[in-house]
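First the proteins, then the strands, lettered A, B, ... as listed; each starts at 1. These numbers were taken from a predicted model, which means no experiment stands behind them.
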Amino acid sequence: MKSLTKDGYRLLHEGVQALSIVEGNGIKVDVDYLKQTIVSISEKIKALEADYKEHDVFRQWKKRYGEKMKLSSREQLGNVLFKVMEYPVYAYTDTNRYSTDEAALNSVDDPFVNAYLEVERLKKARGTYLRGIAREVGPDGFLHPSFNLHTIVTYRSSSDRPNFQNIPIRNPQIAELVRRAFLPRAANRHLVEIDYGGVEVKVAACYTEDPQLLKYIKDPTTDMHRDMGMQCYCLSPKQMTSSARKAAKSKFVFPEFYGNIYTACAKDLWKGIDEFGLVMPDGTSMKKHLAKKGWKKLGACDPKHSPRPHTFEKHIQLVEKDFWGKRFKVYAQWKQDWWQAYKKKGWFDTLTGFRIHGLYKHNEVVNYPIQGSAFHCLLWSLIRLVKKELRNHGFKSIIVGQIHDSIVADVHHKELKPFLRLCQEVMVDQLTKAWPWIIVPMEVDFEVAPEGKSWFEKETYELN
DNA sequence: AAACAGTGCGCG
DNA sequence: AAAGCGCGCACTGTTT
């Protein structure tokens, strides 16, 4: 990090100061719950592993490795499945070993792998999270994760000891297991999360000034993810569902914005049909519906070969072409121009006051300014709240963490509404005034856990 | 024993 | 133009 502007320097300097206060505040942890849960999960893992012996894969594994057999060795498992038992190889790693991630194991039609994946999920929760948190928690029952600003190439932040920015949430069972350990610091307080809605898309619109993207953001009657759901799965407005919207958002729109290509998107959208339980309103299956539309099977999804006709892959190739060629063509042009300018100069500037020098790939050059500046919106607001507003208002409520586009706070019950109002004023009104390059409306969403209850129990909260 | 590369997986 | 971006952490297997 050389060549910063004065504004950029000041943001990081004050950011470090504000985050050190957040680190000092810390988060209350239910240590007894952690201890008990580690024990009960260990018993569950033991019981599940006892059933392994019934399976052929386990017997073959034992036969091949004997004393050296290790259930935690994916390399051994890969050799047993793909070499010994000769299941079809799903993929290879960078160093030409058998790929044994979740997708590769799911491709194997054997009951053992389902049990194995379930146990591995529990072990991840126990090891990285329950034990990881228990190891770092202080004798007073508070956790003080570090937040770093000076080591991240994109100009976002990171967190460690433990990493507070990757606590499970997507898998509801695992989320409950881990998040029940996080509590407010007193029975009359709430854990609260305030997040910027769609901030990366909004910042992308500020850089690219794409009129279509701006319209989607400014006109609340439009919905980009809904439109893309209809297009990807060939649905009419009446056939469209919220699950198809979610699938399109996470499997097409965001990946495309970050530079993924249609082959990978097609594969994920196809997988998403089962993952999101997508069916037609009349009960017919989504795959049958797509076949009727002329897309009969997934296709090879190999970037080296062009897609075969009547495949879903072919369809998504056309959707992608429309996405960048028609729908967001100004965004596409911006990416080209931005990349060309970088190649000529050797650096690029962010809207938040940084000049980024060095050797970067195309996707990095077009993604970093957007990811970095989106986080800087959060950082600016956090600084203003921690170093100024919360003090001036004499609040007992404090900020205890930060997750890229959201703030986690420990809030006194009596201060709940004024605290949220203040956050909204800083994160929306004050920020927009301070940074005139923000040419779209910002918004924040609130989640609040009941008084004295854990982080797992947070719920959407309407401020009025 | 410590360090390293590789793999996998949790989050935004 | 390249074939999504970033981060931290646990674990294996190998080397120092």
Residues passing the side chain to side chain donor-acceptor pair (under 3.5 Å) test with A:Glu14, sequence neighbours excluded, are none
- Query: Roughly how far apart, to the nearest Å, are C:dA1 and C:dC5 at atom C1'?
  - Reply: 16 Å
Across all chains, not counting sequence neighbours, the salt bridge (Lys or Arg N to Asp or Glu O under 4.0 Å) partners of A:Lys453 are none
For A:Asp7, the salt bridge (Lys or Arg N to Asp or Glu O under 4.0 Å) test, sequence neighbours excluded, returns A:Arg10
Between A:His225 (side chain) and A:Lys246 (backbone), is there a donor-acceptor pair under 3.5 Å?
-> no
The residue, A:Trp339 or A:Asn363, whose nearest nucleotide of DNA chain C is more 5′ is A:Trp339
Residues passing the salt bridge (Lys or Arg N to Asp or Glu O under 4.0 Å) test with A:Asp51, sequence neighbours excluded, are none
Under a 4.0 Å heavy-atom criterion, the protein footprint on nucleotides 1-8 of chain B, written with B, S and -, is -----SSB
Across all chains, not counting sequence neighbours, the side chain to side chain donor-acceptor pair (under 3.5 Å) partners of A:Arg245 are A:Asp223
Check: How would you label the contact of A:Ile174 with the nucleic acid (heavy atoms, under 4.0 Å): base, sugar-phosphate, or nothing?
Finding: nothing
Describe the nucleic acid contact of A:Ser157 in one word from base, sugar-phosphate, nothing, applying a heavy-atom distance below 4.0 Å. nothing
- Would you tell me whether A:Tyr216 and A:Asp227 have side-chain atoms, one donor and one acceptor, within less than 3.5 Å of each other? yes
Those stems involving DNA chain C that have three or more consecutive Watson-Crick or G-U pairs, both distances under 3.5 Å, are B:1-12 with C:5-16
A:Asn171 atom CG is separated from B:dG12 atom P, nearest whole Å, by 13 Å
Closest non-hydrogen contact found for A:Tyr33 with A:Thr37 is O-OG1, 2.6 Å
On a heavy-atom basis, the closest approach of A:Val448 and A:His190 is CG1-ND1, 3.7 Å
Report which part of the nucleic acid A:Pro255 touches: base, sugar-phosphate, or nothing (heavy-atom distance under 4.0 Å, all strands). nothing
### Message
Whether A:Arg170 contacts B:dC11 is assessed here as follows: a side-chain N or O lying under 4.0 Å from the phosphate OP1 or OP2. Is that the case?
### Response
yes
Problem - Between A:Gln402 and A:Gln165: side-chain donor-acceptor atoms closer than 3.5 Å - result: yes
A:Phe456 CZ to B:dC11 P, in whole Å, measures 13 Å
The residue, A:Lys343 or A:Asn260, whose nearest nucleotide of DNA chain C is more 5′ is A:Lys343
So the salt bridge (charged side-chain N to carboxylate O under 4.0 Å, His left out) pairs with at least one residue in residues 146-158 of chain A (sequence neighbours excluded) are A:Arg156-A:Glu200
Check whether NZ of the Lys or CZ of the Arg A:Lys345 lies under 6.0 Å from the centre of the six-membered ring of A:Trp347 and within 45 degrees of that ring's axis.
yes
Rounded to whole Å, the CG-P distance (A:Asp405 to B:dC11) equals 14 Å
DNA chain C: first to last nucleotide in contact with chain A (atom under 4.0 angstrom from a heavy atom), 5' to 3', is C:dA1 to C:dG13
- Between A:Tyr52 and A:Phe112, ring centroids under 6.0 Å: yes
- Base, sugar-phosphate, or nothing for A:Phe375, non-hydrogen atoms under 4.0 angstrom? nothing
| What nucleic acid atoms does A:Lys70 come within less than 4.0 Å of, heavy atoms only: base, sugar-phosphate, or nothing? | sugar-phosphate
Between CG of A:Leu77 and P of B:dC9 the distance, given in whole Å, is 11 Å
note: A:Lys123, atom NZ; B:dG10, atom P; distance rounded to Å ~ 15 Å
A:Ser158 meets the side chain to side chain donor-acceptor pair (under 3.5 Å) criterion, sequence neighbours left out, with A:Asn148
Taken to the nearest whole Å, CD1/A:Ile167 to C1'/B:dC9 is 14 Å
Heavy atoms under 4.0 Å, any strand shown: does A:Ile403 hit a base, just sugar-phosphate, or nothing? sugar-phosphate
Contact class for A:Arg135 (heavy atom, under 4.0 Å): base, sugar-phosphate, or nothing? sugar-phosphate
Within residues 300-311 of chain A, those residues having any heavy atom closer than 4.0 Å to DNA chain C are none
If you look at every strand shown and take non-hydrogen atoms under 4.0 Å, does A:Glu75 touch a base, only sugar-phosphate, or nothing?
sugar-phosphate
In a table with atom names and distances, give each donor-acceptor pair under 3.5 Å that connects a side chain of residues 361-370 of chain A to protein atoms at least two apart or in another chain.
| residue | atom | partner | partner atom | Å |
| --- | --- | --- | --- | --- |
| A:Glu364 | OE1 | A:Lys361 | N | 2.8 |
| A:Asn367 | ND2 | A:Tyr258 | O | 3.1 |
| A:Asn367 | ND2 | A:Asn363 | O | 3.1 |

**Asked** Looking only at atom P, what distance separates C:dG6 and C:dA2, rounded to whole Å?
**Response** 15 Å
